[in-house]
Amino acid sequence: MNARPYSAVIKILSSFMMLACLTGCGRDAALDEYREQMDAYYDQLSVIDAGINSIDPATDMDGSQLLGFLDELDAATMEMAGLEVPSQFASVESLADEASENMTQAVALYHQLYETDEYNEDLAAGAYEYYERANLRIRYVTDILHGDIPEELMVEEEEEANEQ
């Protein structure tokens with residue numbers, strides 16, 4: 001099945017590890033705690049990614065291993081979205097919520113895909129699309145935590161301001 005989400009997690013893991021490099025002036029307990037929680041999230045992603053990449057498709061014909069890892073990914077992303085975001089990164093909160101919502105939808109569709117007797121291309125495409133949306137938002141969160149505002153987000157904000 002070519003809708004497997006192996007490489008998408010790998011792409012974001014390298015940028016996630018950069019989160020540990022965030023530094024600030026002075027000590028802010030809430031910010032330090034958030035950084036630690038996000039580091040733990042990225043560590044979970046790394047473990048899940050390694051698990052997904054260790055799957056032998058020939059032995060996981062029913063997708064149970066993949067679905068198990070995707071369930072873990074969904075739970076981790078849901079937990080990340082529930083973290084209290086420090087005021088310095090207020091814009092991250094809605095992106096984290098959107099990432100979680102998209103991941104939950106992707107995982108639900110992957111479950112449907114594997115639970116049907118026949119392969120459904122539309123279901124596979126939908127699952128992959130939601131998965132990619134979740135990963136994009138996770139990358140945006142990482143960029144913001146590194147002090148970079150993704151250009152796509154700046155364009156969206158400008159468009160919203162022009163509509164008002």
Side-chain angles (χ1 to χ4, degrees), residues 1-53 66 69-70 72-110 113 121-164:
M1 179 170 304
N2 52 358
R4 290 193 141 173
Y6 298 131
S7 63
V9 174
I10 293 171
K11 292 176 186 175
I12 58 176
L13 282 178
S14 60
S15 61
F16 291 152
M17 295 306 166
M18 303 269 310
L19 178 64
C21 297
L22 285 176
T23 58
C25 299
R27 302 301 292 173
D28 182 332
L31 183 58
D32 289 344
E33 181 179 347
Y34 185 69
R35 286 181 183 149
E36 288 176 20
Q37 292 169 329
M38 290 302 289
D39 283 342
Y41 171 68
Y42 299 139
D43 289 345
Q44 280 183 289
L45 288 183
S46 181
V47 169
I48 293 167
D49 177 57
I52 288 173
N53 287 310
L66 177 62
F69 285 118
L70 290 175
E72 288 180 41
L73 182 58
D74 185 29
T77 304
M78 198 177 302
E79 186 176 314
M80 179 272 298
L83 296 176
E84 186 167 331
V85 179
S87 60
Q88 297 94 318
F89 298 112
S91 61
V92 165
E93 191 158 357
S94 63
L95 288 169
D97 291 341
E98 290 173 18
S100 179
E101 292 165 7
N102 281 291
M103 187 64 72
T104 297
Q105 187 63 36
V107 171
L109 291 175
Y110 275 117
L113 180 64
E121 183 67 36
D122 292 335
L123 201 53
Y128 187 72
E129 176 66 27
Y130 278 108
Y131 184 82
E132 286 295 305
R133 288 179 188 177
N135 282 308
L136 178 64
R137 281 150 181 82
I138 292 168
R139 283 192 296 272
Y140 287 162
V141 167
T142 303
D143 289 347
I144 292 169
L145 294 177
H146 287 103
D148 299 324
I149 305 297
E151 187 175 322
E152 297 89 352
L153 293 179
M154 292 183 351
V155 169
E156 287 176 17
E157 289 176 6
E158 288 175 13
E159 289 174 357
E160 287 175 8
N162 289 337
E163 289 176 3
Q164 293 177 4

Kindly give the heavy-atom pair with the smallest separation between [X] and [Y], and that separation in Å.
{"X": "Ala134", "Y": "Ala99", "result": "CB-O, 3.4 Å"}
{"X": "Glu84", "Y": "Tyr34", "result": "O-CD1, 3.4 Å"}
{"X": "Pro86", "Y": "Ala30", "result": "CG-O, 4.0 Å"}
{"X": "Ile144", "Y": "Phe89", "result": "O-CE2, 3.5 Å"}

> What's the verdict on side chain to side chain contact (heavy atoms under 4.5 Å, CB included) for Met103 and Tyr131, showing C-alpha distance, side-chain angles and the deciding distance?
Replying inline: CA-CA 6 Å; Met103 187 64 72; Tyr131 184 82; 3.9 Å; yes
> Do Thr104 and Tyr130 meet the criterion of a side-chain donor-acceptor pair at a distance under 3.5 Å?
Replying inline: no
> Looking just at side-chain N and O atoms, do Asn102 and Glu132 make a donor-acceptor pair shorter than 3.5 Å?
Replying inline: no
How many angstroms lie between atom [atom1] of [X] and atom [atom2] of [Y], to the nearest 0.5 angstrom?
{"X": "Leu73", "Y": "Met78", "atom1": "CG", "atom2": "CE", "result": "10.5 Å"}
{"X": "Asp122", "Y": "Leu109", "atom1": "CG", "atom2": "CG", "result": "11.0 Å"}
{"X": "Tyr42", "Y": "Thr142", "atom1": "OH", "atom2": "OG1", "result": "3.5 Å"}
{"X": "Ser87", "Y": "Leu31", "atom1": "OG", "atom2": "CG", "result": "8.5 Å"}
{"X": "Asp143", "Y": "Glu151", "atom1": "CG", "atom2": "CD", "result": "12.0 Å"}
{"X": "Gln105", "Y": "Ser100", "atom1": "CD", "atom2": "OG", "result": "11.5 Å"}

> Can you list the steps and then say if Asp28 with Gln88 is a side chain to side chain contact (heavy atoms under 4.5 Å, CB included)?
Replying inline: CA-CA 10 Å; Asp28 182 332; Gln88 297 94 318; 2.8 Å; yes
> With Glu72, which residues qualify under salt bridge (Lys or Arg N to Asp or Glu O under 4.0 Å), at least two apart?
Replying inline: none
> Do Leu123 and Tyr128 have side chains that get closer than 4.5 Å, going by heavy atoms?
Replying inline: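 No, too far: nothing below the 4.5 Å cut-off.
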> Which is it for Leu70 and Leu66 under the side chain to side chain contact (heavy atoms under 4.5 Å, CB included) test, yes or no, and what are the steps along the way?
Replying inline: CA-CA 6 Å; Leu70 290 175; Leu66 177 62; 3.9 Å; yes
> Would Tyr140 and Ile149 satisfy side chain to side chain contact (heavy atoms under 4.5 Å, CB included), going step by step from the backbone distance to the final call?
Replying inline: CA-CA 8 Å; Tyr140 287 162; Ile149 305 297; over 6 Å; no
> Of the options Asp97, Leu95, Thr77, which is the one that meets Arg137 in a side-chain contact (heavy atoms from CB on, under 4.5 Å)?
Replying inline: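 Testing each of Asp97, Leu95, Thr77 against Arg137, the sole residue satisfying side-chain contact (heavy atoms from CB on, under 4.5 Å) is Leu95.
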